[in-house]
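Inspection log for the structure reproduced underneath, given as structure tokens.
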Amino acid sequence: MKVVLSLVMVFSLFCFDTQAQDFSDLDKSPMDVSIIRNEDNSPMARVIYSRPKMRGREIFGELVPYGDVWRTGANEATEIRLYNDMTIGGQNVPAGTYTVYTIPEETQWTIIFNKARNQWGAENYDPDKDLLRIKAPARKAAAPIEDFSIAFQPIENGTNLLMGWANTYVEVPLKNVEK
């Protein structure tokens, strides 16, 4: 009986179509999320974006042309959710979800919070839906940033939104509105 069972098991291994899992078609610019919390651990802000890689390419001025509206990442346009009313560049921005577009230049970027949501790329960018436009200086990164990255840096009563890729990053202060 053991011999028959062993033969059935060996035979079954050859009869079933075995396939290795193929992950070769994974997204080359995977989604990522960054979140910052208030001192009481409630959420302050969250950003969802895709992370393209440099892969030896010239980024700003070439892959991402200067002076053009950019989706701020890859694939879907970057989305930011503000859980609190915030002051950004001296302008009050109500809590809500917005699309983040940018216009990179050599010395500064224009940061745009747009009321349109669920956008693919920047092809359907509508400036009439802009809630906020501010300028932020383009700074030199201490080391090359291979993957486009967005992070939050805590500051008093708010956070800095940091966006960087290649040799460049920008910093945008977001302050909680005083209640």
Side-chain angles (χ1 to χ4, degrees), residues 25-36 43-141 143-153 158-175:
D25 197 27
L26 289 177
D27 193 343
K28 305 294 186 238
S29 301
M31 300 280 293
D32 204 350
V33 64
S34 185
I35 190 165
I36 181 119
M44 180 189 308
R46 177 198 73 206
V47 66
I48 300 172
Y49 66 104
S50 289
R51 302 184 68 180
K53 295 183 175 295
M54 260 192 337
R55 292 192 302 256
R57 301 176 291 183
E58 183 69 29
I59 302 302
F60 297 109
E62 293 290 325
L63 181 66
V64 178
Y66 288 129
D68 287 353
V69 174
W70 179 42
R71 65 180 120 198
T72 316
N75 304 330
E76 293 87 0
T78 294
E79 176 184 285
I80 190 164
R81 167 85 190 262
L82 304 176
Y83 292 89
N84 309 329
D85 294 345
M86 308 289 283
T87 301
I88 305 170
Q91 300 178 49
N92 286 337
V93 177
T97 303
Y98 306 98
T99 297
V100 178
Y101 294 107
T102 50
I103 303 173
E105 296 286 355
E106 277 190 79
T107 60
Q108 70 179 5
W109 288 16
T110 301
I111 313 301
I112 303 166
F113 281 33
N114 187 279
K115 293 180 266 185
R117 295 179 51 194
N118 303 316
Q119 299 296 301
W120 176 264
E123 291 82 17
N124 294 319
Y125 166 70
D126 182 355
D128 291 336
K129 294 183 179 177
D130 288 354
L131 176 71
L132 165 82
R133 273 182 174 239
I134 63 165
K135 304 281 187 185
R139 302 169 188 229
K140 181 149 178 61
I145 305 164
E146 175 65 28
D147 295 7
F148 174 70
S149 299
I150 298 179
F152 292 106
Q153 175 188 52
T159 185
N160 284 329
L161 175 66
L162 304 171
M163 296 180 278
W165 197 15
N167 296 312
T168 304
Y169 77 98
V170 294
E171 180 178 294
V172 181
L174 286 68
K175 294 282 209 162

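- In terms of heavy-atom proximity, Pro104 sits nearest to Phe60 at CB-CD2, 4.0 Å.
- With Arg139 contributing its side chain and Val170 its backbone, the two residues share no donor-acceptor pair below 3.5 Å.
- Between Ser34 and Ala151, the closest heavy-atom pair is OG-CA, 3.7 Å.
- Heavy atoms only, all atoms of each residue included: Ala136 and Val172 are closest at CB-CG2, 4.3 Å.
- For Phe113, there are no ring pair (Phe, Tyr, Trp, His ring centres under 6.0 Å) partners, not counting sequence neighbours.
- Annotation: side chain to side chain donor-acceptor pair (under 3.5 Å) contacts involving residues 112-123, sequence neighbours excluded, comprise Asn114-Asp130.
- Every salt bridge (charged side-chain N to carboxylate O under 4.0 Å, His left out) that Asp147 has, sequence neighbours left out, goes to Lys53.
- Closest non-hydrogen pair, Ala138 versus Glu106, comes out as CB-O, 3.6 Å.
- Annotation: salt bridge (charged side-chain N to carboxylate O under 4.0 Å, His left out) contacts involving residues 78-102, sequence neighbours excluded, comprise Arg46-Glu79.
- Here the side chains of Val47 and Phe152 are in contact, with some heavy-atom distance below 4.5 Å.
- Separation of atoms OG1 (Thr97) and OH (Tyr83) is listed at 7.0 Å; rounding is to 0.5 Å.
- Separating the NZ atom in Lys175 from the CG atom in Asn92 is a distance of 13.5 Å, to the nearest 0.5 Å.
- With Tyr125 contributing its side chain and Tyr101 its backbone, the two residues share no donor-acceptor pair below 3.5 Å.
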Which side-chain N or O atoms in residues 160-169 pair as donor and acceptor under 3.5 Å with protein atoms at least two apart or in another chain?
residue, atom, partner, partner atom, Å
Asn160, ND2, Gln153, OE1, 2.9
Trp165, NE1, Glu146, O, 3.1

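- Atom CG of Leu174 and atom CG of Leu82 lie 6.0 Å apart (nearest 0.5 Å).
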Would you list the atom pairs, donor with acceptor, under 3.5 Å between side chains in residues 66-73 and any protein atom, with sequence neighbours excluded?
residue, atom, partner, partner atom, Å
Trp70, NE1, Gly73, O, 3.3
Arg71, NH1, Asn75, O, 2.7
Thr72, OG1, Trp70, O, 3.3
Thr72, OG1, Val100, O, 3.3
Thr72, OG1, Thr102, N, 3.2
Thr72, OG1, Thr102, OG1, 3.0

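- Between the NZ atom in Lys129 and the CD1 atom in Ile112 there is a gap of 14.5 Å [rounded to 0.5 Å].
- For Glu76 against Ser50, the heavy-atom pair with the smallest separation is OE1-OG, 4.3 Å.
- Distance check: Met86 CE to Leu132 CG gives 11.5 Å after rounding to the nearest 0.5 Å.
- Looking at every heavy atom in both residues, Pro43 comes nearest to Ile35 through CB-CD1, 4.3 Å.
- Note: Ile80 CD1 to Ile88 CD1 = 6.5 Å, rounded to the nearest 0.5 Å.
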